[in-house]
Amino acid sequence: RERRPTTATMPQIQYSEKYYDDIYEYRHVVLPPDIAKLLPKGRLLSESEWRGLGVQQSRGWVHYAIHRPEPHIMLYRRKKTEEEVAR
């Protein structure tokens, strides 16, 4: 009988806390090796592509940069709302 991987045995996608500047909120996502090997080389992913890899975030996040030394770390940002900017 085939054994299915469980969440206990599969490496998990790790999500950072959010961090901010005056315009954006940011976070990074660390992919485990088995998912990272599926990343296309040298280009940013659309929302449907990163969701297809299993990354789960609320709407509005954009994969905006590639950290070349560690491409398995995906960098995201989303624009702050006008209310958040005013604080």
Side-chain angles (χ1 to χ4, degrees):
R1 194 170 124 171
E2 185 179 335
R3 294 184 65 176
R4 298 171 120 195
T6 65
T7 52
T9 60
M10 288 175 48
Q12 297 296 303
I13 295 173
Q14 297 176 355
Y15 300 85
S16 74
E17 295 295 319
K18 296 175 192 168
Y19 41 102
Y20 306 88
D21 66 14
D22 292 340
I23 300 170
Y24 294 100
E25 60 181 329
Y26 300 89
R27 81 173 340 159
H28 58 272
V29 174
V30 181
L31 300 178
D34 62 323
I35 297 174
K37 69 182 178 190
L38 303 174
L39 284 172
K41 300 279 188 259
R43 72 171 180 83
L44 300 173
L45 274 61
S46 69
E47 182 174 346
S48 62
E49 288 175 315
W50 54 257
R51 286 191 187 281
L53 293 174
V55 176
Q56 298 178 355
Q57 304 186 89
S58 55
R59 296 205 179 273
W61 290 99
V62 175
H63 181 214
Y64 78 98
I66 297 169
H67 183 55
R68 299 245 182 251
E70 299 175 296
H72 66 287
I73 299 177
M74 300 180 73
L75 304 173
Y76 291 89
R77 72 179 178 192
R78 75 174 165 189
K79 203 161 199 153
K80 289 175 155 183
T81 65
E82 289 182 30
E83 186 178 290
E84 290 170 322
V85 170
R87 287 185 213 166

Just verifying a value: how many Å separate [X] [atom1] and [Y] [atom2], rounded to the nearest 0.5 Å?
{"X": "I66", "Y": "I73", "atom1": "CD1", "atom2": "CD1", "value": "13.0 Å"}
{"X": "W61", "Y": "E25", "atom1": "CH2", "atom2": "CD", "value": "4.0 Å"}
{"X": "E17", "Y": "H28", "atom1": "CD", "atom2": "NE2", "value": "9.5 Å"}

How about [X] and [Y]: do any of their side-chain heavy atoms sit closer than 4.5 Å?
{"X": "I13", "Y": "P32", "result": "yes"}
{"X": "H72", "Y": "V30", "result": "yes"}
{"X": "L53", "Y": "L39", "result": "yes"}
{"X": "Q57", "Y": "R27", "result": "yes"}

- Message: Could you go through H63 and V55, starting from their C-alpha distance and side-chain angles, then the distance that decides it, and tell me whether this counts as side chain to side chain contact (heavy atoms under 4.5 Å, CB included)?
- Response: CA-CA 11 Å; H63 181 214; V55 176; over 6 Å; no

- Whether K80 side chain and D21 backbone form a donor-acceptor pair below 3.5 Å: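 Pair found, side chain donor or acceptor close to backbone of D21.
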
- Within the side chain of E70, is there an N or O that forms a donor-acceptor pair under 3.5 Å with the backbone of H67?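 No: the side chain of E70 does not pair with the backbone of H67.
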
- Message: Is it the case that over 12 heavy atoms from other parts of the model lie below 6.0 angstrom from the NZ atom of K18?
- Response: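 Result for NZ/K18: enclosed.
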
- Task: Any chance you could lay out the side chain to side chain contact (heavy atoms under 4.5 Å, CB included) test for K79 and I23, step after step, and finish with the verdict?
- Result: CA-CA 6 Å; K79 203 161 199 153; I23 300 170; 3.9 Å; yes

- Message: My understanding is that only residues two or more places apart in sequence, or in another chain, count here; which of them pass ring-ring contact (aromatic ring centres under 6.0 Å, His included) with W50?
- Response: Y76

- Item | For Y64, all residues meeting ring-ring contact (aromatic ring centres under 6.0 Å, His included), sequence neighbours excluded |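 Residues passing ring-ring contact (aromatic ring centres under 6.0 Å, His included) with Y64: Y26.
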
- Are L45 and I35 co-members of a hydrophobic cluster defined by side-chain heavy atoms under 4.5 Å apart? yes

- Message: Please find the pair of heavy atoms, one from E47 and one from R59, that lie closest to each other, and give the distance.
- Response: OE2-NH1, 3.7 Å

